Amino acid sequence: MEKILQALGTLGLPRPTVVATIRRELAALRTEEAVPEFDGVVKRIRAAVDHLRLTRIQPVINGTGILIHTNLGRSPLGSEAIETLAMIAANYNNLEYDIVSGERGSRASYLEHNLALLCGAEAATVVNNCAAALVLILRHFTSGEKPEVIISRGELVQIGGGFRIPEILEASGARLREVGTTNNTSVQDYEQAINPQTGMMLKVHRSNFFMDGFVESPVTEELSALAKQRRIPFVEDLGSGAMVGTETNPGVEHEPTPAEVLKRGVDLVCFSGDKLLGGPQAGIIAGEAKLVEALKREPFFRALRCDKLILSTLQTTVDLYLNGEAENSIPVLAMMRISPSELRTRAERIIAALGGLPLKARIGESKAQIGGGTLPRSLIPSITVEIIPEGMALSACAARLRSGAPPVIGYISGGRFTLDLRTIFPRQDPDVVRAIQACFGPT
Ligand SMILES: *Cc1c(COP(=O)(O)O)cnc(C)c1O
């Protein structure tokens, strides 16, 4: 063991982690027929340790052109939120302390107050993510005598890997009452399904796909009128939601805002904190005060609550919106607005810095996407750096850039390795150049 550890040198991982990896690799080798020489063993262990190191959560450069990339951590935070994060993390704070009375205070009341303002709602609260918000809401309204939730078959969707609305509904203990068909649901379908066991009506925003052709579904106003008349809580899972008019950006459609949805008569709306809102991972619930209060009294709410770091960064994010500074300060919103000519200038600079390397580089055009299961039809004109390696396979080029420091994530298209500059921060351009130089330079 000592001999192997010495041969491996410094690896930047905790020693017990390295030792465990060595044991695992040695055990695997023993089951194989041909055991390599010592150098071969060390090489293999080094590869395993390198692989393990790359699985640490670390910053990566997103050249995919997908703004809210769920695999890449969704929305990056802006400088204001980061400053809050550092300050709150390093100090004690008044999370549940009332500074005026010197006694125990309520958690995140300022944030809840401002979230409600931003959503045009009576009240709002925050849990871990939108899925948690949905489970909390379902558990609350579909317990006991009224276990059923009515939902259109056209909205029984899969959101991302392993997140299917019907499964979430069932995991929460609710009984699914499907109405209508995939492409056609009417108010009458809902009306006929209402019975004494109906606990709530749920509308799920079709955030990550669209249907065309013979498609009909009732407008929210009609459904909310029905829900009010029958005294059934009516909730909309908005998924992303946006607080600003996304349609002001070329190529981007309108994403409904929580305020719009509430105005149409929905009792409660829930949406994510780290999609188009551009904050930390969170699930925001906004709407009628008495319903929000009831949700907060659920014992289960305690299991879903956010910590001080999330609550404080979300607080800063919400204040940016209320101050009218969001579109410049929230990275995903700022990224949507950058002009192609600005991107082109950056691409020219990057390409100029790549001279002398065994590759051909040129400027390309592309369509950046919102991602995160949001606005699937929106395509933002964008600019790319395209690379054709000489003497290296495209896949090898992509793999080497992925395993660099920092990792650079691009995509292969039309025989080129492509980096979309819309999702790369300008401050990262020198890192991109260095990464490509390291990939193609002498090793
Ligand atoms: C993304 C999404 C969710 C899940 O949100 P999380 O914050 O990731 O839990 C739920 N519903 C819809 C419609 C979504 O688009």
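The structure presented is a predicted model; accordingly, all values stated were derived computationally and were not measured. Heavy-atom basis, side chains included; hydrogens, waters and symmetry copies ignored. Every number for a ligand or one of its atoms is a count from 1 in the order of the listing.
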Does a sphere of radius 6.0 Å around [atom1] in [X] hold more than 12 heavy atoms from other residues, nucleotides or ligands, not counting ones at 6.0 Å or beyond?
X: Glu348; atom1: CD; value: yes
X: Gln58; atom1: CD; value: yes
X: His113; atom1: NE2; value: no

Checking Leu95 now: which residues fulfil side chain to side chain contact (heavy atoms under 4.5 Å, CB included) with it, not counting sequence neighbours?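 Listed in chain order: Asn93, Arg107, Lys308, Leu311.
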Any pair counted as side chain to side chain donor-acceptor pair (under 3.5 Å), so long as it reaches residues 211-238, sequence neighbours left out: none
Would you mind listing every side chain to side chain donor-acceptor pair (under 3.5 Å) that reaches into residues 273-288, with sequence neighbours excluded?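 Every side chain to side chain donor-acceptor pair (under 3.5 Å) pair that includes a residue of residues 273-288, provided the two are not neighbours, is Arg74-Asp274, Glu288-Lys290.
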One line per pair, note the atom names and distance for all nitrogen or oxygen contacts under 3.5 Å between ligand 1 and the protein.
from	atom 1	to	atom 2	distance (Å)
ligand 1	5 (O)	Ser272	OG	3.0
ligand 1	7 (O)	Cys130	N	2.9
ligand 1	7 (O)	Ser272	OG	2.5
ligand 1	8 (O)	Arg74	NH1	2.9
ligand 1	8 (O)	Arg74	NH2	2.9
ligand 1	9 (O)	Cys130	N	3.2
ligand 1	9 (O)	Ala131	N	2.8
ligand 1	11 (N)	Asp237	OD1	3.2
ligand 1	11 (N)	Asp237	OD2	2.6
ligand 1	15 (O)	Ser207	OG	2.7
ligand 1	15 (O)	Lys275	NZ	2.8

